[in-house]
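To keep things clear, I will list the structure first and then write my remarks on it.
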Amino acid sequence: MSTISATHSRFLRDPIFWTILALGAFLIFVNLGSRPLWQDEAETANLGRNVVRTGLPYVTDGVNIVSQEERREFGQDMIWRWSPWLQIYISAAGQLVDPHSTFWARFFFAVTGLLCIAATYLFIMSRFGDLAWARVSAALLTVYTPFLLYARQGRYYAAGGLIMLLILWGFLGDWKRRTPPLLAIGLGLGLLFHANYLLLLSLSPPLLAAAILLYRKDLSFRRVALAIAISCVMIVPGIFLYRMGRQSSLFNIMLVPENIMLYFSDWIMYMIPLPVLAALAWRWRGFFLGRGGPQAPAERFCLFMVLIMIGSLLILSLFPQRFHRYIVHFYPACAMLLAWAGLALWRFSKPSGALFLILVGLTNWLHIIPMERLAIVNRPWQNDLRQLTSVNIPLKLYLNEVLCGYPDVNISLVNFFLKNAKPGQTILAEYGDMPLQFYTPFRIIGGLQGPIALDEKPDWVSMRRDVRVNRDGFLFAPREFIENHLDLARDYERIELDLPDETFGNRAGPQFHYFIPAGPPQKPLVIYKRKESPRAD
């Protein structure tokens with residue numbers, strides 16, 4: 001029986017694997033559509049809806065414009081060319097079932113999240129044959145709250161992790177002689193580009209560098225070139241399709257030091273605790289001093305993953321916008337690393353190993369308490385027990401949200417306008433314009449779409465508490481237009497809703513996400529209605 005067949009036979013008979021997968025399915029899919037799409041999710045879904053209608057990601061449906069970069073994302077043909085299309089077509093696939101459903105807009109993305117859990121287990125079983133490591137890795141990923149947040153988002157995040165596992169599976173296979181592992185590497189790199197090209201740009205150089213450092217004897221540079229050639233068949237057309245050169249003007253070297261600090265802070269605060277990294281640095285000190293790396297295949301692979309992540313963080317710091325979502329594809333790798341560390345500790349001391357795995361699986365104490373003690377603080381609200389930046393139990397927070405619900409700001413606005421606005425009316429939204437486009441039939445202007453025509457007389461104005469500025473430090477168009485071209489006191493009736501004006505809604509970023517509603521006092525949503533319009537209910 002082949003190695004792959006034996007692996008398949010073994011996992012099919014493993015009740016622990018199926019239990020973990022069932023738990024993962026519950027945590028990812030339970031009430032998947034309960035909270036509405038937030039701004040970035042809705043951007044993808046709106047483009048996906050246009051794909052369903054036309055076959056291509058046009059930025060307009062004839063009424064609204066999809067843009068969050070002041071219309072830099074498209075040209076005269078009105079086709080989206082700012083970011084890759086893979087996530088747009090995944091969203092469109094779900095909308096073929098129901099074009100108005102939040103659940104289906106997220107469904108296939110959630111499937112990739114569940115497949116990440118399964119693939120983490122299968123990767124370790126097929127490449128290392130270590131049942132305990134496979135089980136613990138999959139279990140840690142399943143209960144890891146930041147990963148669950150991103151797995152439930154209608155964006156490329158979990159798909160990136162699944163593609164990353166495909167590339168690693170190919171790399172640890174006999175890709176020098178066999179075609180399937182080689183194709184896994186080449187096609188994986190190409191798919192990663194079309195998920196988000198920043199993931200590929202930040203992954204491929206450290207992947208090659210780490211391979212040279214740790215697996216030099218196993219490399220065939222002719223086969224490396226062949227894998228690159230396979231990926232280029234998918235990548236090169238995308239470079240022109242997405243017009244990547246247009247974004248080069250956004251580079252700002254002054255942001256690099258801050259980005260390095262914040263990326264590494266995110267890494268130790270949400271992914272791999274600082275004490276674990278310190279222990280591994282000491283354990284691998286021989287490698288860092290030039291005396292060679294660990295010889296055991298599993299430990300060597302763990303060092304390989306750490307080197308890739310460090311290199312990727314350094315490369316990502318060169319790009320002006322720093323977001324946690326650009327490193328989400330490393331969550332399966334982090335789960336494998338922590339599981340390996342926990343099992344190594346278990347073999348030394350079973351109580352210590354069990355305590356470690358409980359701490360990293362069910363709490364975030366190892367992530368944030370050492371940072372506080374060393375005054376390495378990246379916690380915007382240190383005592384807010386509604387967020388992952390607190391010492392509250394992450395899975396408890398997560399279950400509270402998905403089972404008990406949350407008064408999302410975007411659904412509050414959507415429901416208000418569905419109830420009160422009339423067909424054909426125009427809504428000027430300072431922010432949250434993408435969800436309004438997805439859920440309502442009205443004309444939605446404002447947001448981050450760019451300049452507003454001076455003769456616009458919107459029927460409704462949704463002002464938000466946050467004042468936003470663009471990349472050049474100027475007010476975004478909606479606030480500038482409201483302050484200079486509208487007389488709200490004279491022409492509009494102010495409506496104050498008994499609903500909180502939160503900034504983002506269901507944003508997955510672990511430093512932004514709220515799991516438990518805020519109590520009073522909180523600033524309410526404020527909407528303005530033109531006085532000549534029919535009165536709101």
Just by modelled atom types, is the G447 backbone N or O under 3.5 Å from a matching donor or acceptor in the E430 side chain? no

Please round to the nearest 0.5 Å and tell me the distance separating atom CG of L262 and atom CD of Q511. 9.0 Å

Minimal heavy-atom distance between W38 and A508, with the atoms involved, is NE1-N, 4.5 Å

Between D266 and R322, is the closest basic N to carboxylate O distance under 4.0 Å? yes

Please examine the side chains of P146 and L388, heavy atoms only from C-beta on, and report whether any two atoms are closer than 4.5 Å. yes

I185 to A227 - nearest heavy-atom pair and separation: CG2-CB, 4.1 Å

Tell me if a side-chain donor or acceptor on R223 pairs with a main-chain N or O of W175 at a distance below 3.5 Å. yes

With heavy-atom distances below 4.5 Å as the criterion, would you say the side chains of F481 and L428 are in contact? yes

I444 backbone acceptor or donor facing N64 side chain under 3.5 Å: yes

Flag yes if more than 12 heavy atoms outside F171 fall under 6.0 Å of its CZ atom; otherwise flag no. yes

Would you kindly say whether T503 and R465 are connected by a side-chain donor-acceptor distance under 3.5 Å? yes

Given 3.5 Å as the limit, does a donor-acceptor pair link the side chain of Q153 with the main chain of N506, or not? yes

Does a side-chain heavy-atom distance below 4.5 Å link F476 with Y431? no

Measure the spacing between CZ of F221 and CD1 of I212 and express it to the nearest 0.5 Å. 4.5 Å

Would you check if the side chain of R325 reaches a backbone N or O of Y157 as a donor-acceptor pair within less than 3.5 Å? no

Distance-only polar pair, side chains of H194 and Q87, donor-acceptor under 3.5 Å: no

Could you check whether the rings of F128 and W133 sit parallel, tilted or perpendicular, using 30° and 60° as the cut-offs? tilted

Tell me, with the steps shown, if E41 and R507 meet salt bridge (Lys or Arg N to Asp or Glu O under 4.0 Å). CA-CA 9 Å; E41 284 185 289; R507 183 172 180 175; over 6 Å; no

Can a salt bridge be assigned to the pair E73 and R81 using a cut-off of 4.0 Å between side-chain N and carboxylate O? no

Would you please indicate if the ring centroids of H324 and Y270 are separated by under 6.0 Å? yes

Is the Y215 ring parallel, tilted or perpendicular to the F304 ring (thresholds 30°, 60°)? perpendicular

Shortest non-hydrogen pair, A92 vs V51, comes out as CB-CG1, 3.7 Å

Below 30° counts as parallel, above 60° as perpendicular, anything between as tilted: where do the rings of F17 and Y121 land? tilted

Under 4.5 Å between any side-chain heavy atoms of L165 and M336, yes or no? yes

Distance check, rounded to the nearest 0.5 Å: I20 atom CD1 versus S137 atom OG? 9.5 Å

Using modelled atom types only, decide if a donor and an acceptor are shared between the side chain of W284 and the backbone of R300 within a distance under 3.5 Å. no

Of all heavy-atom pairs between V59 and N50, which one has the smallest distance, and what is that distance? C-ND2, 3.9 Å

Verify the ring-centre separation between Y331 and Y144: is it less than 6.0 angstrom? yes

Min side-chain heavy-atom separation F330-W267 under 4.5 Å: no

Under 3.5 Å, is there a donor on one side chain and an acceptor on the other for Q39 and Q68? yes

Taking the side chain as every heavy atom from C-beta outward, state whether L397 and P394 have any atom pair closer than 4.5 Å. no

Under 3.5 Å: donor-acceptor pair, side chain of S312, backbone of M309: no

Decide yes or no for R479 and V467: does some side-chain heavy atom of the first lie under 4.5 Å from some side-chain heavy atom of the second? yes

For R155, is there an ion pair with E43 - N to carboxylate O distance below 4.0 angstrom? yes

In terms of heavy-atom contacts, G24 and I117 come closest through CA-CD1, 4.0 Å

Pair Q449-S67, side-chain donor/acceptor within less than 3.5 Å: no

Distance alone, cut at 3.5 Å: any donor-acceptor contact between the side chains of N196 and Y156? yes

Is the closest side-chain donor-acceptor distance between Y406 and E502 under 3.5 Å? yes

I need the minimum non-hydrogen distance between R152 and L32, along with the two atoms involved. NH2-CA, 3.7 Å

